[in-house]
Engineer: 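Structure incoming, see below.
Just so we're on the same page: letters track the sequence lines, and every chain starts at 1. Computation of the quantities below employed the complete heavy-atom set of this structure, encompassing side-chain atoms and omitting hydrogens, waters and symmetry-equivalent molecules.
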There are 2 protein chains.
Amino acid sequence: MSDHDQSPHLTASSSNSNSGDALPPVGEHARQYETVRNAHETELIEDYVELIGDLIQHRGEARAADIATRMGVSQATVSKMIRRLNELGLVTSKPYRSLFLTEEGQKMAETSRARHDIVLHFLRALGVNDHTARIDAEGMEHHVSNETLSIMQRFIDEQTRR
Amino acid sequence: MSDHDQSPHLTASSSNSNSGDALPPVGEHARQYETVRNAHETELIEDYVELIGDLIQHRGEARAADIATRMGVSQATVSKMIRRLNELGLVTSKPYRSLFLTEEGQKMAETSRARHDIVLHFLRALGVNDHTARIDAEGMEHHVSNETLSIMQRFIDEQTRR
DNA sequence: CAAATAGTTTAGCCTTGGCTAACAATGATA
DNA sequence: TATCATTGTTAGCCAAGGCTAAACTATTTG
Ligand SMILES: [Mn+2]
Ligand SMILES: [Mn+2]
Ligand SMILES: [Mn+2]
Ligand SMILES: [Mn+2]
């Protein structure tokens, strides 16, 4: 277990036992899970596009091999994914050459990057260790509504101007 | 689009452009994505177990049909999932009867419930609307480290005692 | 410029988590 | 008690996202 996994007191923190709360109305409850399922459909795509954008920006080009090592995944997996991104109109690619983002891809990369940054900076502003904040942000970013994002941004601003 | 999706100003918030930051070291970066992939393997399981626990607690029993409507998913999908939970030693079930959690299942339900509650209460304490907070919490909960969870708990406590 | 190395793609396999349609059991009610 | 509505199961389909092994292309180097 890394320091990402120190155990806090997760059981029976009396100050916030939800046991008394009733279950949400069925329809609402179902829509919550549905939102999560939808997020899961797009998150990998977003992470790839965001990473490709970052590689182009910081390295000058995005090569499949780099994506593979960065993502911790086989090259075959990346190759397959690139085909998908292509079909979705997010990247353009010629066989055996490096990748480029389409207009739409660039837009997605920017949006994802901005969202990712807000979540990361928010966690740091909250007091979370940088290393942990990076890990948490990578997963959380896809499940944060725009409403929450705005509030996080406000929190960062307040924290910063001080 | 629901009110969950109001657009804030996501592009070019100068105060937190990460563009200057270099990419993280490769190994670290890969481990971030790996952590997310691992979370995705367990999250559905956790949500099922948590929901089963909630149904037993609030309704007296957990029936497959209720799980299906709550999750917004077909009964066939639930039936298949129950077989998996069984194999994992998280629930016991006799054909055509309602479900019970094993010791291990109960432990997981409690832990998940506690984590879910902290995230939900944290979001509300931050100022997020209850409806949105519920949606966000359902997805975020699986990507929040124990370190962050502790900090969220502290934040709630401070907010509450005031 | 030929060979070796590095990078990319393809084929084929697997698991997960959805679905629909058909069938089976249970339990309520006529 | 026989019937029917509700609930649960099974079979078979699909897409996504992993993998390894093998084939192919590009680039570097002797
Ligand atoms: Mn991510
Ligand atoms: Mn990201
Ligand atoms: Mn939950
Ligand atoms: Mn959840």
Engineer: Write out all pairs satisfying salt bridge (charged side-chain N to carboxylate O under 4.0 Å, His left out) with one or both partners inside residues 63-92 of chain B, taking only residues at least two apart or from two chains.
Structural biologist: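 Checked against salt bridge (charged side-chain N to carboxylate O under 4.0 Å, His left out) - neighbours excluded - the pairs reaching residues 63-92 of chain B are B:E61-B:R63.
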
Engineer: I need the CD-P distance between B:E43 and C:dT16, as an integer number of Å.
Structural biologist: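 That distance rounds to 15 Å.
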
Engineer: Output the rounded distance in Å from NZ (B:K94) to C1' (C:dT26).
Structural biologist: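 Roughly 15 Å, once rounded to whole Å.
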
Engineer: Nearest 0.5 Å, what's the CG-CG distance between A:L51 and B:L23?
Structural biologist: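 Interatomic distance, A:L51 CG to B:L23 CG, rounded to 0.5 Å: 7.5 Å.
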
Engineer: Below 4.0 angstrom, which residues in residues 77-86 of chain A have at least one non-hydrogen atom near DNA chain C?
Structural biologist: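 The answer is A:S79, A:R83.
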
Engineer: In residues 59-72 of chain A, what residues come within less than 4.0 Å of DNA chain C, judged by heavy atoms?
Structural biologist: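 A:R63, A:A64, A:A65 - these, ordered by number, are the residues of the stretch whose heavy atoms sit under 4.0 Å from the strand.
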
Engineer: Using a heavy-atom cut-off of 4.0 Å to chain B, what are the terminal contacting nucleotides of DNA chain D, in 5' to 3' order?
Structural biologist: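 In short, chain B contacts DNA chain D from D:dT7 to D:dG18.
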
Engineer: Nearest 0.5 Å, please: how far is CZ in A:R154 from CG in B:L126?
Structural biologist: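 B:L126 atom CG to A:R154 atom CZ measures 9.5 Å (nearest 0.5 Å).
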
Engineer: Using heavy-atom distances to pick each residue's nearest nucleotide on DNA chain D, tell me which of A:S74 and A:Y96 is more 5'.
Structural biologist: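 It is A:S74 whose nearest nucleotide is closer to the 5' end.
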
Engineer: What are the two closest heavy atoms between B:Q159 and B:A125, and how far apart are they?
Structural biologist: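 Nearest pair, atom of B:Q159 first, then B:A125: NE2-O, 3.6 Å.
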
Engineer: Please work out which of the three classes, parallel, tilted or perpendicular, describes the rings of A:H40 and B:H143, given edges at 30° and 60°.
Structural biologist: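 The rings of B:H143 and A:H40 stand perpendicular, inter-plane angle above 60°.
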
Engineer: Quick check: does any side chain N or O of A:H116 sit under 3.5 Å from a backbone N or O of A:S112, one acting as donor and the other as acceptor?
Structural biologist: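 Such a contact is absent between A:H116 side chain and A:S112 backbone.
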
Engineer: Measure the distance from CG on A:L44 to C1' on C:dT16 and round it to the nearest whole Å.
Structural biologist: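 Taking CG of A:L44 and C1' of C:dT16, I get 14 Å after rounding.
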
Engineer: Would a distance-only check, ignoring hydrogens and angles, find a side-chain to backbone donor-acceptor pair under 3.5 Å from B:E147 to A:N129?
Structural biologist: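 Yes: the side chain of B:E147 pairs with the backbone of A:N129.
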
Engineer: Can you name the ring-ring contact (aromatic ring centres under 6.0 Å, His included) partners of B:H29, sequence neighbours left out?
Structural biologist: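 Testing B:H29 for ring-ring contact (aromatic ring centres under 6.0 Å, His included), a comparison that skips the adjacent residues, returns B:Y33.
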
Engineer: Check this for me, if you would: do A:D157 and A:R161 make a salt bridge, where the nitrogen-to-carboxylate-oxygen distance has to be below 4.0 angstrom?
Structural biologist: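 Here A:D157 does not pair with A:R161 in a salt bridge, since their nearest N and O are not under 4.0 Å apart.
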
Engineer: Nearest nucleotide by nearest heavy atom, which residue falls closer to the 5' end of DNA chain D, A:I45 or A:A76?
Structural biologist: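 With A:A76 and A:I45 compared, the 5'-side residue is A:I45.
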
Engineer: Once rounded to the nearest 0.5 Å, what's the spacing between atom CD of B:E141 and atom CG of B:L123?
Structural biologist: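 That separation rounds to 11.0 Å.
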
Engineer: Which residue pairs pass the salt bridge (charged side-chain N to carboxylate O under 4.0 Å, His left out) test when at least one of the two sits in residues 38-58 of chain A, sequence neighbours left out?
Structural biologist: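 Non-adjacent pairs meeting salt bridge (charged side-chain N to carboxylate O under 4.0 Å, His left out): A:E50-A:R113, A:D54-A:R113.
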
